[in-house]
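Within every chain, numbering begins at 1; the chains are lettered A, B, ... in the order of the sequence lines, protein sequences first and strands thereafter. In this text the structure is predicted, and so the values were computed from the model without any measurement.
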Amino acid sequence: MESTLKGKEQVKLDFIPLDFDYLDLDGKCHIRMFGRTSENKRCCVLDTTDAYFWLFPRAGIDLKKYAEKVAKISLEHASRIAKVEKVEIKDKHFLGNPIKALQVFVSNPKDIAVIKDIAKTFHETLEKKETDINFVTRYIIDKNVKPLEWVHVEGRELNQYIEVPFDVDTDIVVMADEIKPTQEHELKLNFLAFDIESTEFEIGKGEIVMISLADHNFHKVLTWKKYSNAPEEVEFVKDEAELIEKFMKIIHERKPDFLVGYFSDGFDLPYLRARAEQNHIKLDLGLDKSNLSFSRGIMPSAKITGRVHIDLYRFVNNIFAYTLQSPTISLNDVAKELIGEEKLEIDLGHITKELRSTHGKIKDAEMRRFSLYNLQDAVLTSKLFLKLWNNLAELTKVVSEPLFEVSRARYAYLVENNILHNLKRFNEIAASRPLGEEIGERREREKYIGAFVKEPRPDVYEKVAVFDFRSFWPSIIVSFNISMPTLLEKKESGGYETPEFEFDGKKRKFYFQKQEGFIPRILKELLEKRKETKAEFKRNPSPVLEAKDYALKTLANATYGYFGFFGARYYSPECGASITAISRYYIHKTIDEIEKFGFEVIYSDTDSVMFALGNKTEKDAKEILEKINKTLPGTMELELENFYVRGIFVMTKKGETGAKKKYALLAKDGNIKIRGFEAVRRDRCDLAKETQDVVLKKVLEEGKADNALAYVIKILKEVREKKAPIEKLIIRTKLKKAIESYEARGPHVVVAEKMLEQGLPVKAGSLIEYVIAKGNSKERIRERAKLPDEVEKGGYDIDYYIEHQIVPAVETIFAVFGITKEQIIEGKKQKNLGEF
DNA sequence: ACCTCTGGCGATAATT
DNA sequence: AATTATCGCCAG
Ligand SMILES: Nc1ncnc2c1ncn2[C@H]1C[C@H](O)[C@@H](COP(=O)(O)OP(=O)(O)OP(=O)(O)O)O1
Ligand SMILES: [Mg+2]
Ligand SMILES: [Mn+2]
């Protein structure tokens, strides 16, 4: 075949890669990147890189002969010849140790699977490595071309119509000859957010009624349902088919680099695809006239060639949401918190019901509202994208994987890729993922010992200081050089060791080598970045910076967790357990020193110490902090978290011990930090949460409980008089698995079954809402659990809400002040012991 | 197909 | 009636 990829015109340009894929051109696998030039031209860059994997030879064999044998592998596969192109003997490192390995270059990355299978049968072969590295990842690593990092490209411009063997809608296509990192330019965010309204929620049922598109200045609503006095953004089309065509047309005209949805992997795009199929429309949203494609699996990812489809819901769900206050991560809640705007309120159920029935009646005013509602969703999504962009981009740069992957990734993926993308400079070959049986065995391993948590003495404390280690366990990994490749069974001079601790039923001690390992090294660099981000957040607090700091902190902590993760390439529960053992040693030591100094240590969880200042000063506390820090090894550092005016610690409900992981602290600025209490839990009703919140606030601000008690008595009275609004009595519990797989059928499971019967969309992951209604109190609670709609005003179970929701939430707090449950329930404002 | 880890509280059902 | 198992969610 004559090459069509030559090109004539020499070009030099600066380019930012946004989207990556690979494809065969002229019989060779090419990387294809889509992005922008520094002149803001839409650009496609083609490049190649070697496809290869590694073979480790058995000891004592003739390497040259082995290499020659491997080099001869050739077979027919998928209607082409899969063969080894060349084999090189290389000096590499594996798990930190020098090793001779064969680098096996193959004709096509897709052939690695079949070729490695043959090579594995050779008696000379000990192991195969890096056979599962994605070709895009391979390219990013070997050519040092990173997602969202500008590169200078020198190459040949290809004539799109004559020389490029695929359709491509960009301003320029370049075959790269040379490509290297260069200075940064501004990237103008060219994107479109979209949202679809349909007559049904289930993919494959119903039809699309309306689609909205939005960016910072473009607003558009498309619908086939005609009505008068439509807002100016609305454009009417003939039918659903034309609606889909028009949607595609707008995307092709506006040419966004990013297509952004909220839950669009789970709903909008699968639904759109189903409807396009039904209408015999080819759903082409990308740059190469190809169909929208989906990755397989329970949570499919919708990929569009040349545009980065970002489902913000997945990023928020996996990475971003942890620092948010919002009760759910619905678009409404997240947008409200981050941009201060909400969805429009409409009766969606009514409208979709009317739209489903052939004789449905919808008023023009309702359709207007519906259109604006749909548009607002797209607008919120677009604003959210701009808000989250920086975090997405930063994380993408840290792990060097494409935005498409990073925006959908969980922490394990980020951890793994942060390591993989840094191996090259250590000349390291990547370890393999576990296979088959190994995974099962790892999953069944016993838990190792984790953190130390001190039992607090329940009381109200004045002037509380809180110390907390910065990135504690990651700093232990770095300071003690802990990782699977640096783990030793015996002590090495100049190396590191753990205290003795119980592991796998035996007293053990582990050792780590002196020579810095690549994982501790990579983590050290991440910690430096995280330290900067934490400082930036302290200087200039914002929810977005807080989320970024949290993501980097958690990426570091998940690197510790990765050691004990069954799917890890660098798996070592011994390391996980060593880290926690060292952490227990240092937190005990820290507690001891603070006590020796004369402070009363109230509580400690993992890496924090809370103590009462007593008759000492904040200056004294800072002094001991400095003293402790002088004794800490490596990069470990204890930080002053804050000084608090007052704090409360309570008993467990059983009343025998002080409750761990439950406390509240009043800061000097009036803010109350609540941890573990029902007030911060999703699965309690609002009335119980709010009541507890008020009680904590009152007792902390006043240092006594009389006003708080009066408040609770008032609330209980209203509950008894059936005055509590149903919304505040709704209990929300997540259905964590398929309904059938529950062994214990709690109220939320039973309600989920009921919802399913009513045709409501319920599946694993749904948040089930229910109210306990009045009924036979001798029966199980689940028998009284009803959908909120089914409970009329005042129809709730008074005793349940008093005995099971409100009183349990406040009784341990009042117990600190000597007030009993009976006093709360009977409303007798008796004098407590302290007042005699 | 994918999944960071352990410690802990408390609600409810299930079992004895 | 008391104890144990299951479940969800949170702290770190
Ligand atoms: N999500 C997590 N996964 C695994 N381990 C965790 C996680 N969160 C906390 N830990 C462990 C490791 C932490 O170093 C340790 C103390 O937690 P914490 O004080 O909240 O964070 P940190 O010490 O890592 O950062 P910070 O500087 O914010 O205090 O507990
Ligand atoms: Mg901490
Ligand atoms: Mn900490």
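Across all strands shown, A:Tyr663 has heavy atoms under 4.0 Å from sugar-phosphate atoms exclusively, and none from any base. Using a 4.0 Å heavy-atom cutoff across all strands shown, A:Tyr571 reaches no nucleic acid atom at all. Using a 4.0 Å heavy-atom criterion, one finds that A:Tyr413 contacts the sugar-phosphate atoms exclusively. Among the protein residues, A:Asp607 comes within range of the sugar-phosphate backbone only, with heavy atoms under 4.0 Å from sugar or phosphate atoms but none that close to a base. Nucleic acid contact for A:Pro573: none, since no nucleic acid atom lies under 4.0 Å from a heavy atom of the residue. As judged by a 4.0 angstrom heavy-atom cut-off over every strand, A:Gly564 is placed among residues touching the sugar-phosphate backbone only. A:Ile449 comes within 4.0 angstrom of the backbone, heavy atoms only, and of no base. At the heavy-atom level, A:Gly567 lies nowhere under 4.0 Å from the strands shown. A:Pro808 comes within 4.0 angstrom of sugar-phosphate atoms only, judged by non-hydrogen atoms across all strands, and of no base. Counting any heavy atom pair closer than 4.0 Å across all strands shown, A:Tyr560 reaches a base atom. Base engagement by A:Gly561 is indicated by at least one non-hydrogen atom pair under 4.0 Å involving a base atom.
Using a 4.0 Å cut-off between charged side-chain N and carboxylate O, A:Arg569 and A:Asp132 make a salt bridge.
The stretch residues 399-408 of chain A has no heavy atom under 4.0 angstrom from DNA chain C at all. Near DNA chain C, meaning a heavy atom under 4.0 Å away, the residues from residues 680-695 of chain A are A:Val680, A:Arg681, A:Arg682, A:Asp683. Near DNA chain C, meaning a heavy atom under 4.0 Å away, the residues from residues 732-742 of chain A are A:Thr733, A:Lys734, A:Lys736, A:Lys737, A:Tyr742. Within a heavy-atom distance below 4.0 Å of DNA chain B, the residues of residues 431-448 of chain A found are A:Arg443, A:Arg445, A:Lys447, A:Tyr448. Residues from residues 309-330 of chain A with heavy atoms under 4.0 angstrom of DNA chain B: there are none.
Note: A:Phe315 and A:Phe320 have tilted aromatic rings, judged against thresholds of 30 and 60 degrees for the angle between ring planes.
Boundaries of the chain A contact region on DNA chain C are C:dT6 to C:dG12, first to last in 5' to 3' order (nucleotide atom under 4.0 Å from a heavy atom).
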Show me the donor-acceptor pairs, under 3.5 Å and distance only, between side chains in residues 447-456 of chain A and residues at least two apart or in other chains.
residue	atom	partner	partner atom	Å
A:Tyr448	OH	A:Tyr560	OH	2.8
A:Glu455	OE2	A:Gly658	N	2.9

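Taking A:Lys538 as the reference, A:Lys534 meet the side-chain contact (heavy atoms from CB on, under 4.5 Å) condition, with sequence neighbours excluded. For A:Asp683, the salt bridge (charged side-chain N to carboxylate O under 4.0 Å, His left out) criterion is met by A:Arg681, not counting sequence neighbours. Listed by chain and residue number, A:Pro474, A:Lys553 satisfy the side-chain contact (heavy atoms from CB on, under 4.5 Å) test with A:Asn557 (two or more places apart in sequence, or in another chain).
Aromatic pair A:Phe467/A:Phe611: ring centres closer than 6.0 Å. Aromatic ring centroids of A:Phe512 and A:Phe480 lie 6.0 Å or more apart. Two rings, from A:Phe565 and A:Tyr571, have their centers 6.0 Å or more apart.
Heavy-atom contacts from other residues, nucleotides or ligands closer than 6.0 Å to NZ of A:Lys303 number more than 12. Applying the 6.0 Å contact sphere to NZ of A:Lys110 captures more than 12 heavy atoms from other residues, nucleotides or ligands. More than 12 heavy atoms of other shown residues, nucleotides or ligands fall within 6.0 angstrom of atom NZ in A:Lys737. By the 6.0 Å contact criterion, CZ on A:Phe643 is enclosed, its count of non-hydrogen atoms from other residues, nucleotides or ligands being greater than 12.
For residues 745-754 of chain A, the set of pairs meeting the side chain to side chain donor-acceptor pair (under 3.5 Å) definition, not counting sequence neighbours, comprises A:Arg745-A:Glu753.
To the nearest 0.5 Å, atoms OG1 (A:Thr559) and CG (A:Leu414) are separated by 9.5 Å. Taking CZ of A:Phe501 as the start and OG1 of A:Thr580 as the end, the distance is 6.5 Å to the nearest 0.5 Å. With rounding to the nearest 0.5 angstrom, the CD1 atom of A:Ile731 is 13.5 Å from the CZ atom of A:Arg682.
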>> Please evaluate residues A:Met484 and A:Leu487 with respect to the criterion side chain to side chain contact (heavy atoms under 4.5 Å, CB included), reporting the C-alpha separation (whole Å), side-chain torsions for both, the decisive distance (0.1 Å), and the verdict.
In response: CA-CA 5 Å; A:Met484 183 261 243; A:Leu487 173 67; 5.8 Å; no
A:Val460/A:Arg646 under side chain to side chain contact (heavy atoms under 4.5 Å, CB included): CA gap, chis, key distance, verdict: CA-CA 7 Å; A:Val460 176; A:Arg646 196 172 277 136; 3.7 Å; yes
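In this structure, the helix from B:dC5-C:dG12 to B:dT16-C:dA1 shows an angle of 20° between the axis at its start and the axis at its end, each fitted on 5 base pairs and rounded to 10°.
A distance-only check finds no donor-acceptor pair linking the side chain of A:Tyr603 to the backbone of A:Phe649 [under 3.5 Å].
Distances shorter than 4.0 Å separate some side-chain N or O of A:Arg782 from OP1 or OP2 on B:dA14. For A:Lys660, a side-chain nitrogen or oxygen approaches OP1 or OP2 of B:dG8 to under 4.0 Å.
Here the options are A:Lys774, A:Arg784, A:Gln805, the test is side chain to side chain donor-acceptor pair (under 3.5 Å), and the partner is A:Asp797; only A:Arg784 passes.
Comparing atom distances between the A:Phe566 side chain and each of B:dC9, B:dC5, B:dA13 picks out B:dC5 as nearest.
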